[in-house]
Amino acid sequence: MNVADLRDQLAAIQTEAEASFKSAKTVDELRSARSQVVGKSGSLGKLMGTIKDYAPQERGEVGKALNAANQAIQQLVDQHTQRIEQADLAADASQTAAFDPTLPGKRPPLGSVHPVTAVQWQVEAIFERLGFTVEAGPEMESDYYNFEALNIPAMHPARDMQDTFWLKNGLLLRTHTSPVQVRAMEKFGAPLRCIVPGRCFRYETIDASHENTFHQCEGLMIDRNVSIANLIAVMRLLLREVFERDVKVRLRPGYFPFVEPGFELDMSCLICGGDGCATCKKSGWLEILPCGMVHPNVLKFGGIDPHEYTGFAFGLGLTRLAMMKYGIRDIRVMNQGDLRSIVHPSRLNGPTVVERDRC
Ligand code: DAH
């Protein structure tokens, strides 16, 4: 075909295309009309492949003509897509004449959340029902709040229990959420009930059961006559709610300088119910959390009179709790950002996350 004939044919293709696009009533119809023109075996598509059949000196001109035709077709497609979409909108509007703008909007679908967030929300909801507030403190902390005010003075051997990331600016990355105990006492005084979920850091080599970055949730209740019985009651309630079954708890002595007496709280094994199995190493008990009665020195550091008030505190390992609840065996999963490890919203029951003020 010579170049003049080609031009005629291109013009005819455009006219034909326009007519068939015009008659398309849906976007799908338009799409198939388009592919009959520009598809590989469409009227224009076929011509596109013929460029190599022209003499080299003609190819520039032929190429330009083909491109122009292609662009013109695309313009027609855009124009008719718009026409069809507008018609659809108009049809929708006439059908929804009774549209009520005061109806509540549609909630956007809730994404999945990290297992630690899921457990955190649940713990927050439980404690909020008990009148606890949810507080937050800085992750970059001072020696004073992280150790000193928790009855761990410089050179105290208990500092070795928590391998610390010291920062060049003289601060440190908090090794636990306990520093917020004294911050909360300073801010609110007594009586006081709060929990502090948050990220903590330790200078650890990472393996299946150790991480350098993990989550804890501190708990603190201070009032007149708060006793170990209150501590046990609150812990049982927490574990019953989180694991959705009645659990037995027991206290063993444990040493933490900021509590006296200090305990390790165990819970009857979830797998065997206390009979002894591989998970609980045949003991029937699972070590759940450290806790104790707030040391009088810590109350004093927080500006609270230990002769008038007593309190209990606990340090819940949120990361560990999430691993137990969702059956995650390797702690590294928690910080790897693997989307397969997040929790579907149907398994959640908790409040929405809100930004907290810092103590
Ligand atoms: N802060 C301690 C730790 O991370 C855990 C802890 C122990 C917290 C006893 C407490 C407590 O509140 O009473 O090792």
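Note that the numbering runs from 1 along the sequence shown for the chain. Note that the structure is a prediction, hence the values are computed from the model and not measured. For ligands, and for the atoms within them, numbers begin at 1 and follow the listed sequence.
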| said: What I want to find out is whether R332 reaches E211 closely enough, with some N-O distance under 4.0 Å, to be called a salt bridge. | reply: no

| Quick check: are there more than 12 heavy atoms from other residues, nucleotides or ligands sitting under 6.0 Å from CE of M140? | no

| message | Taking the ring centre of each residue, are F201 and H176 less than 6.0 Å apart? | response | no

| message | Could you tell me if the side chain of K25 sits less than 4.5 Å from the side chain of I84, heavy atoms only? | response | no

| task | Answer whether the closest heavy-atom distance between the side chains of M293 and V259 falls below 4.5 Å. | result | no

List below, pair by pair, the N or O atoms of ligand 1 and of the protein that are less than 3.5 Å apart, including the distance to 0.1 Å; reply 'none' if no pair qualifies.
from: ligand 1; atom 1: 1 (N); to: H176; atom 2: ND1; distance (Å): 2.8
from: ligand 1; atom 1: 1 (N); to: S178; atom 2: OG; distance (Å): 2.8
from: ligand 1; atom 1: 4 (O); to: R202; atom 2: NH2; distance (Å): 2.9
from: ligand 1; atom 1: 4 (O); to: Q216; atom 2: NE2; distance (Å): 2.9
from: ligand 1; atom 1: 12 (O); to: Q181; atom 2: NE2; distance (Å): 3.3
from: ligand 1; atom 1: 12 (O); to: E218; atom 2: OE2; distance (Å): 2.7
from: ligand 1; atom 1: 12 (O); to: F314; atom 2: N; distance (Å): 3.3
from: ligand 1; atom 1: 12 (O); to: F314; atom 2: O; distance (Å): 3.3
from: ligand 1; atom 1: 13 (O); to: A313; atom 2: O; distance (Å): 3.2
from: ligand 1; atom 1: 14 (O); to: Q162; atom 2: NE2; distance (Å): 3.4

| message | Using a strict threshold of under 4.0 Å (side-chain N to carboxylate O), is an ion pair present between E241 and R129? | response | yes

